Structure formats: structure tokens, C-alpha cells
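As C-alpha cells, the structure follows; a few thoughts come after it.
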Amino acid sequence: MPSIEIKDVSKYYGKFRALDGVSFKYDGEGAIGYLGPNGAGKTTTLKILTNLIKPSTGVALINGINVNKEPVKAFAVTGSVIESPSPFPYFTIMDSLMFVADIRKIDHREAKKSIDEYADILKLPPLDSKIGDLSKGQRQRVVIAAALMPDPEILLLDEPTSGLDPFEMKIIRDLIKAYKKDKLILMSSHLLSEVSEVCDDVIFINHGKILATDKVSNLSNQFRSKKLIAETLQPITDDIIAKIKKAGIDAEKSGENSLVISYDGSNERRADILKKLVDIAPVISYESAGSELEQAYISILSESK
Ligand SMILES: Nc1ncnc2c1ncn2[C@@H]1O[C@H](COP(=O)(O)OP(=O)(O)OP(=O)(O)O)[C@@H](O)[C@H]1O
């Protein structure tokens with residue numbers, strides 16, 4: 001079973017402490033979002049997991065292998081995209097991917113098949129294009145193809161969609177969603193919407209410290225919005241407001257046809273309010289005000305300031 005573990009890791013750059021006693025462990029399949037603002041310590045953690053830098057204290061383990069002591073063994077099961085540089089600018093896409101295949105000791109026939117598959121999934125430009133002529137997003141997609149070619153059990157991605165256009169973001173998010181079905185992925189991001197769309201678990205980090213870890217679904221429940229927005233077919237009159245209040249609903253008019261309702265956040269009460277509302281006025285939409293996860297993020301980050 002694939003596993004990723006960081007055990008009490010601290011990292012100093014000179015006197016500056018970029019990571020402060022970070023620990024987490026995940027095993028099995030799925031995608032873990034490593035979420036934090038700029039400078040939180042995400043890239044530093046991923047670099048430690050790939051042995052690009054050494055921790056000042058603590059250990060990083062991939063499938064139980066200490067990446068610092070047995071880097072080759074850990075590398076064999078890991079694919080990573082970290083601060084993607086521009087590899088081999090004079091190579092064509094095909095040449096650079098075949099070069100990766102050689103390093104990864106992938107048979108050439110297998111490699112060609114896999115390159116064709118990823119070229120299709122990632123919508124790569126013609127494979128005889130020179131890497132140096134590609135846009136940032138095209139290069140990033142080539143680097144992702146290179147990371148996936150050996151079919152690694154563990155995938156470490158540092159802000160994989162950063163700087164990409166919406167079309168490219170969708171390709172990569174869809175690919176991650178498909179890949180996580182039988183693999184373990186740790187991906188950093190500062191985009192809450194991305195983590196909630198793609199990941200099963202989330203780790204919040206800021207100032208080099210883990211602030212919270214949870215299932216994405218639990219966080220949504222924990223920080224469930226206590227406000228609802230209802231839109232009605234006809235304009236909301238004083239008479240309608242009076243009827244709503246009489247029905248025991250704490251509501252305010254927020255627009256010609258919309259209401260903001262305060263409630264205790266429970267599903268039972270939410271259903272009860274809807275039932276009463278439709279008896280009073282035709283409701284055309286009824287939803288939580290604001291993103292629940294966004295509220296979790298803001299609340300967790302503001303506690304860490
Ligand atoms: N080589 C280095 N020398 C000195 N300080 C560094 C070095 N690398 C990173 N830092 C500092 O360590 C802190 C954590 O950086 P890191 O790159 O891990 O953050 P991050 O969460 O990945 O941020 P971003 O989203 O901006 O990439 C930052 O304050 C950064 O300035």
C-alpha cells in the first residue's frame with residue numbers, strides 16, 4: 001500500500017525556520033491537498049519528500065523508505081513535479097520523454113505507447129516540437145507526462161496548475177482525479193476550490209506549521225454555513241416577510257426576489273425552512289450562502305496569524 005510520511009520535520013534556511021515540527025502520514029489511495037498561502041512551507045516539504053533538500057531535523061518516508069537514506073529506492077516509486085524548470089530546451093517533446101524513459105529504465109516500446117497515451121490525455125503539442133519553443137502551460141503538461149510515465153504509486157505535485165489557463169487546469173485536474181483512484185497523491189495548492197474539487201483530504205499549513213488536517217467532507221460539515229439564500233419567483237413584499245417571520249423563520253429581504261435566512265446549520269432545520277417557505281411563496285432556488293470550505297480556510301488561517 002502506498003504511503004507518505006513526514007515525521008517531526010523542521011527545516012531552517014540559515015536562521016529562518018521554514019518548517020516547524022511538521023508531521024503527517026497517509027496511506028492507501030486518494031489525493032491529499034497541501035493547502036496554504038504563499039511562503040507557508042509547501043514547496044519545502046515536497047522538496048524534502050523528494051530528497052531535493054535535507055530536513056534540519058526529522059525524516060521523510062515514502063512507502064516506509066527513508067528518502068534521505070535510500071533516495072534511489074524511494075525515487076523508483078515516486079513521480080514528482082516540483083518547481084518545474086525548463087528541461088532540455090533543445091530536445092523535442094518525444095526526445096525528452098524518451099530520455100526520462102531511459103532514466104526510469106522503461107522499455108522503449110512501452111515508453112512510446114505511454115507517451116502517445118499521455119500526449120492524447122494531456123493534449124500535448126506535436127511531439128516533434130522543441131521544449132524551448134513551448135508555452136509555460138505546454139511545458140508543465142510535458143513535465144506531468146514525464147512524472148506519470150513510469151506509473152508511480154506515489155505522485156508529489158507542487159502547485160500543478162499554477163500559471164495554467166482554465167482549459168489546461170481542467171485537463172490536469174481531471175487527470176489527477178482519474179489517477180488518484182489507485183494511487184496516492186500529495187498536491188500543494190493555494191487554491192481552495194482546487195483542493196475541494198480534486199482532493200479527499202486536506203492539510204492546512206501556514207508559517208511552517210500544520211494548522212489542521214481533515215477529510216474535505218468533514219471540514220465542509222464542521223464549517224457549514226449558517227446562512228441560506230432563497231430566491232422567489234415573485235418580488236418579496238412586506239406581507240410575505242411578515243408571513244415568513246410568523247412561521248418562525250429568521251429572514252431578511254436581500255434583493256427584489258431574494259432572502260437571507262439565518263439558521264442553526266443543521267440539515268433538519270434547513271429542510272423544515274424550505275417546506276415552510278414554499279407554502280408562503282414559490283421558491284426557485286435555495287442554497288448555502290458562501291463556500292463552506294472557504295469559511296473553514298479563512299477561519300483556520302486567521303487563528304494562525
Ligand atoms: N532556499 C531558501 N533560502 C531561504 N529561504 C527560503 C528558501 N526557500 C524557501 N525559503 C523561505 O521559506 C519559506 C517557505 O517557502 P516555500 O517555498 O516552502 O513556501 P510555499 O508554501 O511553497 O510558498 P509558494 O506557494 O509561494 O511557493 C518562505 O518564507 C521562503 O521565503
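Everything quoted here is computed from the prediction, not taken from an experiment. Start at 1 and go down the list; that is how both ligands and their atoms are numbered. For the numbers below, each heavy atom of this structure counts, side chains included, while hydrogens, waters and symmetry mates do not.
- Centroid-to-centroid, the aromatic rings of F24 and Y34 come within less than 6.0 Å.
- Cation-pi geometry between R104 and F75 is met: the NZ or CZ atom falls under 6.0 Å from the ring centre, inside 45° of the normal.
- Both I210 and I32 are assigned to one and the same hydrophobic cluster, defined by single-linkage of ILVMFWY side chains at heavy-atom distances under 4.5 Å.
- Screening residues 139-198 for ring-ring contact (aromatic ring centres under 6.0 Å, His included) gives no qualifying pairs among residues at least two apart or on separate chains.
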Name each donor-acceptor pair under 3.5 Å that joins a side chain in residues 251-259 to protein atoms two or more places apart or in another chain, with its distance.
unit_1 : atom_1 : unit_2 : atom_2 : d
K253   : NZ     : I236   : O      : 2.9
S254   : OG     : S258   : O      : 3.3
S254   : OG     : S258   : OG     : 3.0
N257   : ND2    : T232   : O      : 3.1
N257   : ND2    : L233   : O      : 3.0
S258   : OG     : G255   : N      : 3.3

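- By the side chain to side chain donor-acceptor pair (under 3.5 Å) test, D174 pairs with K170, sequence neighbours left out.
- Protein residues lining ligand 1, listed by chain and number: Y13, F16, A18, P37, N38, G39, A40, G41, K42, T43, T44, E159 [non-hydrogen atoms, distance under 4.0 Å].
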